[in-house]
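The structure under discussion appears below in the form of structure tokens.
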Protein chains: 2
Amino acid sequence: MTRIANTLGVSAATVSNALSGKGRVSAELTDRIRSIAAELGYVPSQAGRALRTGRSGVIGLVLPDISNPLFPQIAQAIEFAASSAGYGVLIADSRGDIAIQTRAIERLIERGVDGMVIVPRRGTRIADVGCPVAVVDTPSTPGNTVAADHWDGGRQIADHLVRLGHRHLLIIGNNPASNVQNDRVGGLRSALREDVCAETLWIERLEEVNGKGCSLGLAAKVAEGVTAFAAVSDLHALRALTELQRAGIHVPEQASVTGFDDLIWSPVVTPALTTVRMDMARIAAIAVEALVQAIGAEEPEHSSVGAPVSAPVSKVPMQLVVRQSTATPPTTATPPFVTQGEQP
Amino acid sequence: MTRIANTLGVSAATVSNALSGKGRVSAELTDRIRSIAAELGYVPSQAGRALRTGRSGVIGLVLPDISNPLFPQIAQAIEFAASSAGYGVLIADSRGDIAIQTRAIERLIERGVDGMVIVPRRGTRIADVGCPVAVVDTPSTPGNTVAADHWDGGRQIADHLVRLGHRHLLIIGNNPASNVQNDRVGGLRSALREDVCAETLWIERLEEVNGKGCSLGLAAKVAEGVTAFAAVSDLHALRALTELQRAGIHVPEQASVTGFDDLIWSPVVTPALTTVRMDMARIAAIAVEALVQAIGAEEPEHSSVGAPVSAPVSKVPMQLVVRQSTATPPTTATPPFVTQGEQP
DNA sequence: ATCGGATGATTAATCGATTAAGCAGCGGTA
DNA sequence: TACCGCTGCTTAATCGATTAATCATCCGAT
């Protein structure tokens with residue numbers, strides 16, 4: 001504010017220099033300016049600064065569908081990483097629609113974001129936007145900046161189940177068009193030995209035929225010999241768990257169930273879900289760091305304009321969380337029912 | 001951009017007038033300016049505009065804890081309402097901590113938001129911030145701007161259960177310090193007739209003693225005669241449902257379970273949860289509208305500065321969603337088990 | 001005594017859009 | 001003919017912060 005300058009009888013430039021510590025200002029005057037600024041409750045106008053510097057200090061967060069249950073984790077992590085780096089986060093929801101996504105990106109640019117973090121919808125390719133972009137999808141996606149190692153997460157789950165003795169799995173996915181889900185399924189399958197049999201069930205396909213919220217027919221699968229259900233998301237794991245329970249099948253004594261993502265309900269359902277967790281904090285930190293760096297390096301107006309951040313592709317490991325929904329498969333006959341099934 | 005002005009050999013002011021339709025500009029020139037603007041891919045700088053007009057076109061969304069499973073709905077609805085009104089949404093997470101919440105609000109102000117929507121943490125009173133604020137909590141909270149009619153939602157659930165014939169309820173809440181939860185419980189109790197017995201279980205209290213994720217002891221409650229469990233959130237309903245199923249109690253034949261909020265998993269678990277839904281779209285629309293109006297009316301620098309929006313307190317009705325988790329209570333003896341329990 | 005250099009502060013231009021005020025033509029009326 | 005009023009556009013100031021360029025001192029060294 002010029003008010004600070006007037007109050008002290010100095011020029012606005014001096015105030016700016018004092019507060020930013022850039023120019024040459026005597027220590028004594030700097031102190032006085034600081035105290036007056038505090039006293040007057042001075043808040044620098046981002047608008048003025050943005051206008052002059054060309055940097056708004058805001059990044060956009062583009063999400064495929066906010067209603068995704070994983071979203072809270074993502075948003076929270078990105079918001080934390082961004083605000084630690086001094087950036088604000090502007091959200092944009094594409095509601096699953098590509099046209100809306102494009103429009104949302106445009107609006108973010110109009111708002112003057114310095115860059116954006118995009119979590120693309122099911123393998124959407126992000127067209128060249130006019131600013132630095134960090135893509136969080138899955139390591140196998142071209143152009144991806146950073147993501148959890150979904151493939152290895154799948155491997156860990158499969159490994160866990162095989163070690164417990166399971167030989168007949170049902171993998172439950174939602175939609176094979178999702179890069180993330182495909183990687184998870186790929187990882188699961190990769191860790192199966194030759195003597196392990198695994199089928200895959202895609203929920204959306206089933207629902208196209210039988211309607212939304214239809215039965216997954218899991219009890220029949222158990223009858224066929226399946227002893228473990230590995231879902232590609234905790235949401236589907238939950239669906240599987242309750243369907244099995246409802247059919248009178250005891251989890252984990254008669255069948256094990258695993259999920260992905262460690263969503264909010266995983267620890268509190270009974271039995272608590274064995275799942276695999278992403279380190280969203282780290283993913284967000286890396287994404288934001290890459291973005292901030294790209295924003296900083298954007299200066300040279302020439303060179304490849306608006307190129308996506310081509311930081312070294314980072315995989316962040318996932319962490320297996322073993323809880324009560326997995327156990328040794330039943331031996332031929334149904335084992336005696338134990339009320340509090342614990343992990344061996 | 002001045003580039004448009006130069007390209008056509010007119011002044012920047014004319015371009016501004018033409019695009020905003022304010023001043024006096026000939027129709028023909030306006031057209032030419034429009035087309036050149038489109039051709040050059042002109043995007044008005046929000047920074048410049050904000051600096052001049054003092055309006056950033058951005059509102060802040062302050063949330064108690066993004067990891068709340070209800071958050072996606074809120075964020076999506078607010079984002080939609082705001083962007084329909086031409087505003088961007090800057091998010092701020094208070095991570096459940098009041099100090100961080102205060103700091104987050106400060107940061108939003110530094111970023112120059114025109115106003116903010118605050119979903120306060122458990123009845124936190126929002127101190128006087130220096131800009132228009134819309135509070136979304138519950139109608140009984142002083143200073144609340146708009147919210148779902150949680151109380152009536154509770155009434156609807158209780159009414160539904162009583163009509164089915166339940167006479168012994170267990171109400172499951174998390175923390176009695178929450179205004180929202182208290183209203184829901186209050187509504188539930190209000191609709192109970194004199195011959196209906198209801199206890200209340202607060203999860204956080206129980207967990208302080210028995211540790212996180214502990215058993216709620218619901219099977220024992222069933223043995224005591226409870227036939228319906230009314231949770232104050234779908235998350236707790238889910239916890240109750242799985243605990244009951246795990247204990248071999250059939251829902252809804254032996255016990256009914258209800259939730260609140262219609263969260264993402266409610267329709268897909270088995271049995272699908274009977275719950276009550278908020279009209280977040282409407283709540284968000286009202287909140288944003290009130291905010292926008294307050295922002296517009298803020299001009300007169302004098303008068304009550306930065307007073308919270310004191311729009312007429314609005315209650316938005318909640319909608320009962322009856323699914324499969326509620327049914328007539330068992331008659332004295334355990335009824336025959338039916339695999340597909342449907343609503344009568 | 002004078003000049004070079006360091007120090008501490010000021011001037012002024014700039015970012016991009018908005019907007020009040022001003023100016024030039026043109027047509028119509030008294 | 002002279003003046004009013006309208007139209008269409010330009011001038012210029014402004015918002016708040018940043019920053020290169022400039023200026024005024026004062027000190028030490030030659």
Side-chain angles (χ1 to χ4, degrees), chain A residues 1-34 36-37 40-58 86 88 109-114 130-131 295-296 298-299 301, chain B residues 1-34 36-37 40-58 86 88 109-114 130-131 295-296 298-299 301:
Chain A
M1 287 259 201
T2 337
R3 267 179 48 203
I4 300 181
N6 293 336
T7 308
L8 280 166
V10 298
S11 78
T14 304
V15 174
S16 173
N17 284 328
L19 294 175
S20 67
K22 288 222 175 146
R24 293 174 304 206
V25 184
S26 68
E28 188 250 0
L29 181 54
T30 301
D31 281 350
R32 275 198 302 160
I33 290 177
R34 284 245 167 73
I36 294 287
L40 262 55
Y42 165 72
V43 182
S45 148
Q46 292 291 327
R49 179 173 296 165
L51 183 55
R52 178 65 225 243
T53 63
R55 292 280 145 76
S56 62
V58 171
I109 292 185
E110 281 175 25
R111 289 243 132 71
V113 297
D114 293 339
C131 70
I295 291 170
E298 214 200 3
E299 214 48 32
E301 190 63 30
Chain B
M1 288 253 201
T2 337
R3 266 179 48 202
I4 300 181
N6 293 335
T7 308
L8 280 165
V10 297
S11 78
T14 305
V15 175
S16 174
N17 283 328
L19 294 175
S20 68
K22 291 226 174 143
R24 293 171 304 204
V25 184
S26 67
E28 188 249 359
L29 181 54
T30 300
D31 281 350
R32 275 197 302 159
I33 289 178
R34 284 244 167 73
I36 293 287
L40 263 53
Y42 166 73
V43 181
S45 147
Q46 291 291 328
R49 178 174 298 167
L51 183 56
R52 178 64 225 240
T53 62
R55 292 280 145 77
S56 61
V58 171
I109 292 185
E110 282 176 23
R111 289 246 132 70
V113 297
D114 293 339
C131 70
I295 291 170
E298 213 201 4
E299 213 48 32
E301 190 63 29

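The shown structure was predicted, so the numbers you read here are calculated from the model rather than taken from an experiment. So that the names make sense, note that chain A is the first sequence line, chain B the second, and so on, each numbered from 1. The figures that follow rest on heavy atoms only: side chains count, while hydrogens, waters and symmetry mates do not.
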_Mind checking if A/A47 touches a base, just sugar-phosphate, or nothing, with heavy atoms under 4.0 Å?_
nothing

*Contact nearer the 5' end of DNA chain C, comparing B/L51 with A/A13*: A/A13

*Mind checking B/G112 for me? I need base, sugar-phosphate or nothing, with any heavy atom below 4.0 Å counting as a touch.*
nothing

*Among pairs that include at least one residue of residues 43-53 of chain A, which meet side-chain hydrogen bond (donor to acceptor under 3.5 Å, both in side chains), considering only residues two or more places apart or in two chains?*
none

_Contacting residues from residues 14-29 of chain A, given that a heavy atom lies under 4.0 angstrom of DNA chain D_ = A/S16, A/N17, A/K22

*With A/A50 via side-chain contact (heavy atoms from CB on, under 4.5 Å) - residues at least two apart*: B/A47

_Suppose the criterion is salt bridge (Lys or Arg N to Asp or Glu O under 4.0 Å): which pairs have a residue in residues 15-30 of chain A, not counting sequence neighbours?_
A/E28-A/R32

*Do B/V58 and A/R111 come within less than 4.5 Å of each other through their side chains, counting heavy atoms only?*
yes

*So what is the end-to-end bend of the helix from C/dA1-D/dT30 to C/dA30-D/dT1, with 5 pairs used at each end and the value given to 10 degrees?*
70°

*side-chain hydrogen bond (donor to acceptor under 3.5 Å, both in side chains): which pairs involve residues 1-15 of chain B, sequence neighbours left out?*
B/S11-B/T14

*What closest approach, in Å, do A/V43 and B/E110 show between heavy atoms, and which atom pair accounts for it?*
CG1-CG, 3.3 Å

*Listed partners of B/D114 passing side-chain hydrogen bond (donor to acceptor under 3.5 Å, both in side chains), at least two apart*: B/S56

_When you measure from the side chain of A/T30 to the backbone of A/S26, do you find a donor-acceptor pair of N or O atoms at a distance under 3.5 Å?_
yes

*So where does chain B start and stop touching DNA chain D, 5' to 3', when the test is distance under 4.0 Å to a non-hydrogen atom?*
D/dT7 to D/dG16

_Distance in Å, B/L8 CG paired with B/I36 CD1, rounded so as to fall on 0.5 Å steps_ = 4.5 Å

_With heavy-atom distances below 4.5 Å as the criterion, would you say the side chains of A/Y42 and A/L19 are in contact?_
yes

